[in-house]
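Sequence lines set the chain letters: A, B, ... in the order given, protein chains first and strands last, and positions in each chain run from 1.
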There are 2 protein chains.
Amino acid sequence: MIELAALGTVVTLGRGTAVYREGDEAPHWYRVLSGTGCTSKLLPDGRRQIAAFLHAGDYFGFEALGEHGFAAEAITDMVVVRYPKLRTEALARTDGTVSRRFREIACRSLLAAYERLITLGRKTAGERVATFLLELARTAPDGKTIGLTMSRTDIGDYLGLTLETVSRTLAAMKHDGLIEMAGPHHVLLLDRPALEEMTEGDEPALRVGRA
Amino acid sequence: MIELAALGTVVTLGRGTAVYREGDEAPHWYRVLSGTGCTSKLLPDGRRQIAAFLHAGDYFGFEALGEHGFAAEAITDMVVVRYPKLRTEALARTDGTVSRRFREIACRSLLAAYERLITLGRKTAGERVATFLLELARTAPDGKTIGLTMSRTDIGDYLGLTLETVSRTLAAMKHDGLIEMAGPHHVLLLDRPALEEMTEGDEPALRVGRA
DNA sequence: CGTGTGGTTGACGAGCCTCAACATCCGTGG
DNA sequence: CCACGGATGTTGAGGCTCGTCAACCACACG
């Protein structure tokens with residue numbers, strides 16, 4: 001019996017290089033081993049939206065049907081495993097476990113994307129940055145020491161803000177004692193409950209009557 | 001051999017009723033036969049984001065792993081087919097075609113969600129409304145006569161705008177000769193190329209040098 | 001040391017939101 | 001059949017948030 005792992009090729013990517021571009025044929029999908037990347041799309045006038053940051057363990061590129069709708073690039077040096085779609089498709093056809101696994105990966109990505117819709121559509125700058133920080137903190141060993149491996153521009157393009165607004169919002173959080181910063185790329189969450197409250201917006205002032 | 005169709009139950013839903021709520025257990029997934037619905041999520045203070053409008057042929061609810069992260073409701077009277085997850089899971093395990101079908105549905109939804117990220121994160125009000133109109137026009141018989149079955153509030157919650165901005169933007173488009181309206185719920189696209197150009201933002205003014 | 005890239009901070013303005021008044025549509029009941 | 005009332009949509013005035021433009025700073029690298 002074929003194993004999924006046997007179909008993968010390890011690929012090393014230097015910081016800033018493209019894994020694939022928007023419009024490329026999509027014969028492979030990928031999994032991150034180490035480093036940080038992102039998937040993004042440009043509007044003709046240069047505005048950019050990052051769909052997802054890619055961290056160790058994340059899958060990407062599998063959602064493309066014909067060609068890639070989004071580009072993928074390495075933000076830091078990055079190591080990924082590349083899988084050929086055709087052969088993994090064939091494997092999925094015979095192996096129910098693999099097939100189910102694929103479905104679960106797609107569903108998790110979809111759930112994450114839906115969460116991001118509310119962030120981009122309805123949250124304020126402060127709420128977006130708080131959401132982002134807590135998202136990163138989920139994978140931090142101690143849950144509060146965060147390394148920002150991406151630039152302010154990248155964070156802005158991820159959150160639908162400008163780099164200036166990201167910078168200002170972080171400064172305000174520092175000023176308010178919510179976070180501490182050791183250089184531009186190291187954040188320590190000081191007041192997690194306050195940040196969590198920020199991500200959801202305050203409850204409306206005591207609702208009288210119905211629950 | 002079991003057929004997928006044999007596992008579905010037809011359910012009729014009155015306008016405004018919930019298919020399921022955020023946090024509900026998710027034993028079923030659904031497909032729309034007729035009518036319009038939406039999936040949405042609320043922030044504690046009442047801000048709402050609509051993740052997707054649901055039209056005939058659309059699948060929804062399958063992405064939930066444990067419980068639903070988003071609510072689903074009928075905007076107009078609606079008929080859906082409800083499928084039990086456990087039994088369709090079992091079917092997918094044995095039938096490669098069904099399994100592949102599920103993966104494809106999930107990937108299509110994911111691609112649509114990614115497209116919406118750039119709409120919500122980077123587009124102006126005018127661009128968002130234009131994107132929305134063209135999205136609806138894709139399923140119109142003549143490609144330009146659109147019935148808006150949802151309210152201005154729903155459109156706003158879908159596009160990350162207020163209902164007033166939606167109304168004003170449509171008025172501006174009418175004024176500019178891009179669309180014509182016969183009542184608040186019937187739109188005719190008059191200048192498709194102009195609308196299409198709007199969805200992508202104008203090209204930057206002639207770039208000199210590198211392509 | 002220069003030079004370049006990325007980050008911070010400030011001043012200002014545009015775009016969209018908020019609040020409010022008014023219009024229109026539609027179902028209901030007299 | 002028409003009058004009423006509520007829900008939905010439109011339009012206007014003003015304000016706030018965040019974007020734009022610009023200057024300055026910090027660090028990495030040759």
**Q.** Aromatic ring pairing Phe132(B)/Phe53(B), orientation class (parallel under 30°, perpendicular over 60°, tilted between)
**A.**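 Tilted, since the angle between the ring planes falls between 30° and 60°.
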With sequence neighbours excluded, residues passing side-chain hydrogen bond (donor to acceptor under 3.5 Å, both in side chains) with Thr9(A)
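Result, side-chain hydrogen bond (donor to acceptor under 3.5 Å, both in side chains) vs Thr9(A): none returned.
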Just by modelled atom types, is the [Y] backbone N or O under 3.5 Å from a matching donor or acceptor in the [X] side chain?
X	Y	answer
Arg47(A)	Lys123(B)	no
Arg48(B)	Leu42(B)	no
Lys85(A)	Ala64(A)	yes
Glu63(A)	Gly61(A)	yes

Donor-acceptor pairs under 3.5 Å, side chain of residues 101-109 of chain B to any protein atom, not counting sequence neighbours: which ones?
from	atom 1	to	atom 2	distance (Å)
Arg101(B)	NH2	Tyr59(B)	OH	3.3
Arg103(B)	NH1	Glu89(A)	OE1	3.2
Arg103(B)	NH1	Glu89(A)	OE2	2.8
Glu104(B)	OE2	Arg108(B)	NE	3.3
Glu104(B)	OE2	Arg108(B)	NH2	2.8
Ser109(B)	OG	Ile105(B)	O	3.1

With the threshold set at 4.0 Å, does a side-chain nitrogen-carboxylate oxygen contact exist between Arg192(A) and Glu196(A)?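 Looking at Glu196(A) together with Arg192(A), the answer is yes, because their closest N to O distance falls below 4.0 Å.
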Its contact letters, B for base, S for sugar-phosphate only and - for none at protein heavy atoms under 4.0 Å, make nucleotides 5-21 of chain C read --SBBBB----SSBB--
Query raised in the report: Phe62(B) ring centre to Arg31(B) NZ or CZ under 6.0 Å, with the angle to the axis within 45°?
Result: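 Cation-pi check for Arg31(B) and Phe62(B): fails.
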Which nucleotide of DNA chain D is the first, and which the last, in the 5' to 3' direction, to come under 4.0 Å of a heavy atom belonging to chain B?
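Using the under 4.0 Å cut-off, the span is dG9(D) to dA13(D).
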- request: Give me the bend of the helix from dC1(C)-dG30(D) to dG30(C)-dC1(D), using the axes of the five pairs at each end, rounded to 10°.
  value: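 The two end axes of the helix from dC1(C)-dG30(D) to dG30(C)-dC1(D) meet at 30°.
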key: Any residue meeting ring pair (Phe, Tyr, Trp, His ring centres under 6.0 Å) with Phe70(A), in chain and number order, not counting sequence neighbours   =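 With sequence neighbours excluded, Phe70(A) shows a ring pair (Phe, Tyr, Trp, His ring centres under 6.0 Å) to Tyr114(B), given in chain and number order.
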